[in-house]
Amino acid sequence: YKKQTLIIYQSTIRFLKDALNSKDYLSGVDMRNAKRLVSQMVDLSGHNIENFSFWGLSAIKNFDEYTFNHSINVCVLAIAFGNALGLNKRRLAELGLAALFHDIGKITISKKILNKPGQLTNEEWDVMKQHPLFAIRLLFNMHGYSESGLKKIIVALQHHMNYDFSGYPRLILEKKLHLFSRIVAIVDTFDAMTTERVYQKAMKPDDALRRIISFSSKRYDPVLVKAFVSSIGLYPPGTIVELTDGSLGIVLKSNPQYENIERPVIKIIDSKGSVRVGDIINLANITSLQIRKSIDAEEAGINSSHYLFDE
């Protein structure tokens, strides 16, 4: 199962790179192939595998391939979240495709702006805020008036508009944002916050969740925020944690019961107490150990995805 998820993840990265790096990316996007890859992700997301979670795919971070890596991670997170919300396979596939192309408007923006290490000027920020509008043109040229194309357009347009419409682009809408847009807004922010960029240090996953919670009702749908935290767990897969005995572990998957939201399944990677390196323990079943705090993986020199996907 781990190998299957990695193969699909890597295949989707290659697909997106080839499509969007082509000279004529408008005709270079093979949407049939995109649908096939996303459908395979949807199928894999429904499996309940012991000591591994589909959510863990989003712990893969590639600084050099951020644009594509981020799009795939948002797709993975959206599918996993939609699955937790009970969406059927057809709607999960639609959500996954919309999430995969949510930032496509950025390919028309200069890399000097996208990768600028310092703060953007007002003029540069004005250009950056145009990427949802650029996406409309790109996606419309690809799809025309098709129903699936319109859902991609809606998500690309709305994912920065905020739950209270205080974001961008500033439009007057008479009803709340599309469900897919509200889902993508949350998972897009979570992945962006937890990824190292030239202009920002990656946040620890639990800190990113707390930040998202703090903006609930303003930027994000408060009901969906609660559901997201409950689904992914307070310590999401890939989080490095220090236990009360001093041992370090990596979170493999969360426990579905809300009362165990702070007690996930972890793998010991550094032993300081009674547990051994390599042991997999469910903190919901062990009262003698608790999580003391999360650890910055990069500062600790730990590659989270290595531990998630090793045998």
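- A side-chain donor-acceptor contact under 3.5 Å links Thr194 and Lys61.
- With rounding to the nearest 0.5 angstrom, the CZ atom of Arg211 is 12.5 Å from the CG atom of Leu209.
- Using a 3.5 Å distance cut-off with no hydrogens or angles, the side chains of Arg91 and Asn88 do not pair a donor with an acceptor.
- Val38 has its side chain within reach of Cys75: a pair of non-hydrogen atoms, C-beta onward, lies under 4.5 Å apart.
- Classification of the Trp55-Phe81 ring pair by plane angle, with boundaries at 30° and 60°, yields tilted.
- In this structure, CG in Leu252 is found 12.0 Å from OH in Tyr307, a value given to the nearest 0.5 Å.
- In this structure, CD1 in Ile212 is found 5.5 Å from CE in Met193, a value given to the nearest 0.5 Å.
- Summarising the local packing, CD of Glu298 is surrounded by 12 or fewer heavy atoms from other residues, nucleotides or ligands at distances under 6.0 Å.
- Atom-to-atom distance recorded for Leu171:CG and Leu177:CG is 10.0 Å, nearest 0.5 angstrom.
- Residues Ile49 and Val42 share a single hydrophobic cluster, defined by chaining ILVMFWY side chains whose heavy atoms lie under 4.5 Å apart.
- Taking the six-membered ring for Trp, His47 and Phe54 have ring centres at least 6.0 Å apart.
- Using a 3.5 Å distance cut-off with no hydrogens or angles, the side chains of Asn73 and Tyr9 do pair a donor with an acceptor.
- The minimum heavy-atom distance between Leu243 and Leu283, with the atom names listed, is CD2-CD1, 4.2 Å.
- A heavy-atom distance below 4.5 Å is not found between the side chains of Asn162 and Lys218.
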_Checking Asp206 against Ser294 for the side chain to side chain donor-acceptor pair (under 3.5 Å) test, could you report, in this order, the C-alpha distance in whole Å, the side-chain angles of both residues, the deciding distance, and whether it holds?_
CA-CA 7 Å; Asp206 55 313; Ser294 61; 2.8 Å; yes
*asked:* The test is side chain to side chain contact (heavy atoms under 4.5 Å, CB included); show your working for Met41 and Ile72 and say whether it passes.
replied: CA-CA 11 Å; Met41 283 194 196; Ile72 309 300; 4.1 Å; yes
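- The side-chain heavy atoms of Thr121 and Lys116, taken from C-beta on, include a pair separated by under 4.5 Å.
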*Please walk me through it: do Lys204 and Thr239 pass side chain to side chain contact (heavy atoms under 4.5 Å, CB included)?*
CA-CA 7 Å; Lys204 294 181 292 184; Thr239 306; 5.9 Å; no
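- One finds the CD1 atom of Ile136 at 8.5 Å from the CG atom of Leu139 (value rounded to the nearest 0.5 Å).
- Proximity of a side-chain donor or acceptor of Glu242 to a complementary backbone N or O of Ile291 within less than 3.5 Å is not detected.
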*asked:* Applying side chain to side chain contact (heavy atoms under 4.5 Å, CB included) to Phe180 and Glu94, what does each step give before you reach the verdict?
replied: CA-CA 9 Å; Phe180 288 1; Glu94 291 175 339; 3.8 Å; yes
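- Using modelled atom types and a 3.5 Å distance limit, the side chains of Ser305 and Asn303 yield a donor-acceptor pair.
- The aromatic ring centroids of His159 and His131 lie less than 6.0 Å from each other.
- Both Ile13 and Leu97 are assigned to one and the same hydrophobic cluster, defined by single-linkage of ILVMFWY side chains at heavy-atom distances under 4.5 Å.
- Minimum heavy-atom separation, Leu85 to Ala227: CD2-CB, 3.9 Å.
- A donor-acceptor distance shorter than 3.5 angstrom exists from the side chain of Gln200 to the backbone of Ala192, with no hydrogens or angles considered.
- At most 12 heavy atoms of other shown residues, nucleotides or ligands fall within 6.0 angstrom of atom CD in Gln119.
- To the nearest 0.5 Å, atom OG of residue Ser231 and atom CD1 of residue Ile261 are 9.0 Å apart.
- The neighbour count for Gln257 CD, taken as heavy atoms of other residues, nucleotides or ligands under 6.0 Å away, is above 12.
- Remark: Lys201 engages Glu299 in a salt bridge, criterion side-chain N to carboxylate O under 4.0 Å.
- Nearest heavy-atom pair across Ile232 and Leu77 is CD1-CD2, 4.3 Å.
- Put simply, the side chain of Phe52 reaches to within 4.5 Å of the side chain of Lys2, judged on heavy atoms.
- In this structure, Tyr163 is not a member of the same hydrophobic cluster as Leu95, with clusters built from ILVMFWY side-chain heavy atoms closer than 4.5 Å.
- At a threshold of 4.5 Å between non-hydrogen side-chain atoms, the residues Met31 and Phe101 count as touching.
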*Show the numbers, then the answer: is there a side chain to side chain contact (heavy atoms under 4.5 Å, CB included) between Met128 and Lys106?*
CA-CA 8 Å; Met128 180 68 82; Lys106 286 185 177 179; 4.3 Å; yes
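- Under a 3.5 Å cut-off, the side chain of Arg263 and the backbone N or O of Ile286 do form a donor-acceptor pair.
- Here the side chains of Ile104 and Phe134 are not in contact, with every heavy-atom distance at 4.5 Å or above.
- Across every non-hydrogen atom of Ile295 and Leu248, the tightest pair is CG1-CD2, 4.1 Å.
- Between Asp245 and Arg292, none of the side-chain N atoms (NZ, or NE/NH1/NH2) sits under 4.0 Å from a carboxylate O, so this pair counts as no salt bridge.
- Judged by the 6.0 Å and 45° rule, Arg170 forms no cation-pi pair with Phe165.
- Residue Val187 is not grouped with residue Val223 when hydrophobic side chains (ILVMFWY) are merged at heavy-atom distances under 4.5 angstrom, including chains of intermediate members.
- Using a 3.5 Å distance cut-off with no hydrogens or angles, the side chains of Tyr220 and Thr189 do pair a donor with an acceptor.
- Under the 4.5 Å side-chain heavy-atom criterion for Ile, Leu, Val, Met, Phe, Trp and Tyr, Phe309 and Ile280 are members of the same hydrophobic cluster.
- Shown here for Gly238 and Ala59, the closest heavy-atom pair between the two residues is CA-CB, 4.2 Å.
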*Take Lys176 and Asp221 through the salt bridge (charged side-chain N to carboxylate O under 4.0 Å, His left out) test and state the conclusion after the steps.*
CA-CA 10 Å; Lys176 62 184 179 182; Asp221 184 326; 5.2 Å; no
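- Cation-pi contact between Arg219 and Phe215: present, with separation from the ring centre below 6.0 Å and deviation from the ring axis of at most 45°.
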*Under the side chain to side chain donor-acceptor pair (under 3.5 Å) criterion, do Ser247 and Lys272 qualify, and how do the steps go?*
CA-CA 5 Å; Ser247 299; Lys272 293 289 191 298; over 6 Å; no
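- Looking at heavy atoms from C-beta onward, Ile268 lies out of side-chain contact with Arg276 at the 4.5 angstrom threshold.
- Closest of all the heavy-atom pairs between Ile79 and Ser45 is CG2-OG, 3.5 Å.
- Side-chain contact between Ile250 and Ile266 is absent, with no heavy-atom pair separated by less than 4.5 Å.
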